[in-house]
Structures are given as C-alpha cells and as structure tokens.
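Take a look at the structure set out below.
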Number of protein chains: 2
Amino acid sequence: EQKIVSGIAYSPDEAKITLLGVPDRPGVAASIFGPLADAAVNVDMIVQNISHEDQSTDMTFTVGKADLDRAMSVLDGLKDELGHDGVQAETNVTKVSVVGVGMRSQPGVAKTMFETLADKGINIEVISTSEIKVSVLIGGDYTELAVRALHTAYGLDAEPSD
Amino acid sequence: EQKIVSGIAYSPDEAKITLLGVPDRPGVAASIFGPLADAAVNVDMIVQNISHEDQSTDMTFTVGKADLDRAMSVLDGLKDELGHDGVQAETNVTKVSVVGVGMRSQPGVAKTMFETLADKGINIEVISTSEIKVSVLIGGDYTELAVRALHTAYGLDAEPSD
Ligand SMILES: C[C@@H](O)[C@H](N)C(=O)O
Ligand SMILES: C[C@@H](O)[C@H](N)C(=O)O
C-alpha cells in the first residue's frame, strides 16, 4: 500500500514572532525581511494572511531560538518606519509537520492532521502548507502528545500500539 | 556558481477563499477541512495566522478554480455551526512561488522576492513558505510582470535582457 505520508517532523527549538498590524501595501514585506536577511537571521516559516478594510495584517515568522534576540533587535530598528502596532514573540512553540508527497491531490492528509490534533485538544496557532508538507505551530507543551498522536493517525508507529 | 533558486512557479488558475473570524479553539480547522476533503475538494495552500484577544482568526486556502463552486457550497453548509463572520472568495489571484533548496539557510531568497515585487508595485496578499518554496498570492493582473521580474532578479533569464 503506497504511503502518501512519509513522516512527522517537528522542531521545538523555534520561536514565533508576529508583527501586529503591518500596513498592507507594496514594500512592507521587503522592509521586514530585507533587514532580517542582512543580519543573517535564518527565517523558517513566514505566514501572512489577507488584510481587511483597515488595510493592515499580521506578519508572523519563525526563527531558531538562537536567532531570537538578533531578530527582535532588527525589528526594534524598524519601529518608527514601519507603522505596525507592536511585536510579540513566543518561544514555547513547536512546529509540527506532516511530510508526504502530492498532498494537493490528497485533501484527507490535512483533514487527518487537524482531526488528530483536535481530538487531543491541541489548538492550532498557525498553519502553512506546501504540496509536500502541512505545517502547524502548536504550544510547546503539546509537542510529544501531538507527535505521538500523528504517528498513530498515519499508521507510522513502529509496532501496533497496545 | 551553485544556484539556490531553481525556478519560478506560478499558477493563475487558483481561487483564494477566506473564512473571516473563525473561532481560535481546537477542532475548528478540522471542521473546515474535514468536509472539504470529504467533498474531494483539492486544497492547495492553507494559511492561518495567530488570533488576537478576540480569540478569532482568518482561515485562507486556495483551490483550483474548477473546485471553487463545490468548496463554497461545502462552506455554506458550515455557516451555522462554525460561528465565523463570513466567507470571501477571489478568483483573480495568482500563486507565485520561488522554488529552491535549503532556503531556511538563505534568507536572501525571500528578501529578493519581496524586494522585486515591491519594486514593481505589486502587493503581496498572502505569504506561505517552506524550506524549498516561498509562495505568495498576488492580484492576477500582475502575473506576467511578477514572473518576469522574478526571473530576472534570480538570474533565471534565458539570455541577458536588453
Ligand atoms: C503585508 C505585506 O506583505 C505587503 N502587502 C507587501 O506587499 O509587502
Ligand atoms: C483556527 C483553528 O486552526 C483552530 N485554532 C484549531 O485548532 O482548529
């Protein structure tokens, strides 16, 4: 039987940073990630959703915890120019990903991931996907619970569970 | 010289759907993508950012235009149970992706993409990334401008431009 999902990846060493209320107009993303790149901050996920009538939206990204201070100091330097409402950072967060292939044609993969987390009462804080990966950010305390439940849900356990 | 970025992918046949103000608590993502999967709607990107004190957030996803009607009718069925503020759909949207490898360790890739789009006055509506792809949603009218500018920015043009 061909497995669509090949594994569960997780990274508890990430920090989630959100710039609240950034203006939604050309040049804003560049003004954030340009300086971060110049400071050699390795950004992992970037997630931005649409804006509403207020023409502002949130910009969330993750960095390794080791890069958090440098990232925050870069963002500090943008305070006046950018016009956002604030920055919030969270270190007790884990990125959990279901890794597979051709997931666009397999909507059941995301369904299973979300249902499994829901079943364990785990809140999904952020979602970002690609054809080969469905990634979420969850509270760090739920890491082990989430990873075990997902292994079971996708039939990835080494042996049958008792 | 080793190319980090191998190509620009774009898909103008996508529709962007946003559920506005979904409650941010366990089970909500499952209650959206479960029924979509059951209706065999092939979902491409899923993007969800954090919630604020109001404990609600937006859920955006894309589908092929051919799946739009079916997706909207599934969401219609969720109206009462889910408690969201509304659904908005947009068909004149293109997903543009910079495809490469090891992009977490190459923050300059996202910087270049965002600066290139900014330089052409193209607004970035949604961002979602993985280690091998930085994807954005832009207005469909900007597709050709964006794709050409990105090819040039990453040195992917077939011949030198005049
Ligand atoms: C919010 C941010 O992505 C903005 N829309 C930009 O184009 O840079
Ligand atoms: C918004 C949605 O992702 C919700 N937090 C859930 O866990 O399902």
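Values in this document were obtained by computation on a predicted structure and should not be read as measured data. Quick note: numbers below take in every heavy atom, side chains included, and nothing from hydrogens, waters or symmetry partners. Order of the sequence lines sets the chain letters (A, B, ...), proteins ahead of strands, with each chain counted from 1.
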Quiz item: Between A:Leu20 and chain B, which part of the residue has a heavy atom less than 4.5 Å away: side chain, backbone, both or neither?
Solution: side chain
Quiz item: Hey, quick one: are A:Val126 and A:Tyr10 part of the same hydrophobic cluster, counting side-chain heavy atoms closer than 4.5 Å, chains of contacts allowed?
Solution: no
Self-check item: Greatest number of heavy atom pairs closer than 4.5 Å to chain A - which of B:Thr60, B:Val47, B:Val28, B:Ile46
Solution: B:Ile46
Practice problem: Give, as side chain, backbone, both or neither, the part of A:Val134 having an atom under 4.5 angstrom from any heavy atom of chain B. | Solution: neither
Exercise. Answer whether the closest heavy-atom distance between the side chains of A:Ile50 and B:Lys16 falls below 4.5 Å.
Key: yes
Practice problem: Starting at NZ of B:Lys133, measure out to OG1 of A:Thr129 and round the result to the nearest 0.5 Å. | Solution: 10.0 Å
Quiz prompt | Heavy-atom proximity to chain B below 4.5 Å, by part of A:Ile132 | solution = side chain
Quiz prompt | Part of B:Val63 lying under 4.5 Å from any heavy atom of chain A | solution = backbone
Quiz item: Among A:Val136, A:Asn123, A:Val43, A:Thr116, which residue forms the greatest number of heavy-atom pairs with chain B at distances under 4.5 Å?
Solution: A:Asn123
Quiz item: Can you list the steps and then say if B:Ile127 with A:Met59 is a side chain to side chain contact (heavy atoms under 4.5 Å, CB included)?
Solution: CA-CA 9 Å; B:Ile127 301 173; A:Met59 185 73 73; 3.9 Å; yes
Quiz item: Would A:Glu131 and B:Lys95 pass as an ion pair if we require N to O under 4.0 Å?
Solution: yes
Self-check item: Note, B:Leu36 side chain near A:Lys111 side chain (heavy atom, < 4.5 Å)
Solution: no
Quiz prompt | Atom pair CG (A:Asp44) and OG (B:Ser130), whose distance is rounded to the nearest 0.5 Å | solution = 9.0 Å
Quiz item: Can you check whether B:Gln48's main-chain N or O pairs, donor with acceptor, with A:Asn49's side chain at less than 3.5 Å?
Solution: no
Practice problem: Taking the side chain as every heavy atom from C-beta outward, state whether B:Asp58 and A:His52 have any pair of such atoms under 4.5 Å apart. | Solution: yes
Quiz prompt | Residue among A:Met45, A:Glu125, A:Lys120, A:Met113 with most heavy-atom pairs under 4.5 Å to chain B | solution = A:Glu125
Practice problem: Quick one: which of B:Ala37, B:Gly108, B:Gly121 has the most heavy-atom pairs under 4.5 Å with chain A, could you say? | Solution: B:Ala37
